[in-house]
Amino acid sequence: QVQLVESGGGLVQPGGSLRLSCVASGSIFRINAMGWYRQAPGKERELVAVVVSGGTTNYGDSVKGRFTISRDTANNTVYLQMNSLKPEDTAVYYCNALITILRFMTQRSFWGQGTQVTVSS
């Protein structure tokens, strides 16, 4: 069993910053990829950023140059630093991970519960 727990969401003014955290725990052998998705009311879920085990990162077009994803491999944690926030960034942000499970040695995808980010003046 694997759990992902997000934190760091909240209310921020346009132009401000937030830092989201996601911690994975449980029967983990290796985290192969970890990233963030978001979903706004009435909109489809979209990729925000992802980092793979080799360190390569990818970003959604709407956040390039403003958001940065990073990881702390020793603590099974990924961060999303969000700068220059805009009202259109308002959404529930979900952590996702591709994890090789200990003992069974099979890869599965896991999702966190989500954390709300609201950008408003």
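When a residue number appears, it is its place in the shown sequence, counting from 1.
Atom CZ of R45 has more than 12 neighbouring heavy atoms from other residues, nucleotides or ligands inside a 6.0 Å radius.
When all heavy atoms of P14 and S120 are compared, the closest pair comes out as CD-C, 3.6 Å. Considering every non-hydrogen atom in both L85 and L18, the closest pair reads CD1-N, 3.9 Å. The shortest heavy-atom contact between R66 and S84 is NH1-O, 3.0 Å. Residues I99 and A24 come closest through the heavy atom pair CD1-CB, 4.4 Å. Scanning all heavy atoms of the two residues, the minimum distance from M34 to A97 falls at CG-CB, 3.9 Å.
No side-chain heavy atom of V50 sits under 4.5 Å from any side-chain heavy atom of Y37. Contact annotation: the side chain of L98 never approaches that of I31 to less than 4.5 Å [non-hydrogen atoms, C-beta and beyond].
Each of Y59 and Y79 belongs to its own hydrophobic cluster when Ile, Leu, Val, Met, Phe, Trp and Tyr are linked at side-chain heavy-atom distances under 4.5 angstrom. By the criterion of side-chain heavy atoms lying less than 4.5 angstrom apart, applied directly or through intervening Ile, Leu, Val, Met, Phe, Trp or Tyr residues, L47 is not grouped with V117; the two fall into different hydrophobic clusters. Note on L4 and V92: separate hydrophobic clusters, where clusters join Ile, Leu, Val, Met, Phe, Trp and Tyr whose side-chain heavy atoms are under 4.5 Å apart, directly or indirectly. Cluster membership check: V2 does not share its hydrophobic cluster with V52, using side-chain heavy-atom separations under 4.5 Å among Ile, Leu, Val, Met, Phe, Trp and Tyr.
N32 and S53 share no side-chain donor-acceptor pair at under 3.5 Å. Residues Q113 and E6 bring a donor and an acceptor atom of their side chains to less than 3.5 Å of each other.
Atoms CD and CD1, on Q107 and I101 in that order, are 9.5 Å from each other to the nearest 0.5 Å. Remark: N76 CG to T73 OG1 distance equals 8.0 Å, nearest 0.5 Å. A distance of 8.5 Å separates CZ in F104 from OG in S27, rounded to the nearest 0.5 Å. If you take CH2 on W111 and SG on C95, they are separated by 9.0 Å, rounding to the nearest 0.5 Å.
Taking the six-membered ring for Trp and thresholds of 30 and 60 degrees, F67 and Y93 have ring planes inclined between 30 and 60 degrees apart.
Side-chain atoms of E46 do not come within 3.5 Å of backbone N or O of R38 as any donor-acceptor pair. A donor-acceptor pair is defined here as one N or O able to donate and one able to accept, closer than 3.5 Å; such a pair exists between the side chain of T90 and the backbone of V119. Side-chain N or O atoms of Q81 include none that pairs as donor or acceptor with a backbone N or O of I69 at under 3.5 Å. For the pair R103 (side chain) and F29 (backbone), a donor-acceptor distance under 3.5 Å is absent. The main-chain N or O of G54 is never found under 3.5 Å from a side-chain atom of T56 such that the two would form a donor-acceptor pair. Under a 3.5 Å cut-off, the side chain of N96 and the backbone N or O of F110 do form a donor-acceptor pair.
Between M82 and the choices L20, D89, V12, the side chain to side chain contact (heavy atoms under 4.5 Å, CB included) rule is met once, by L20.
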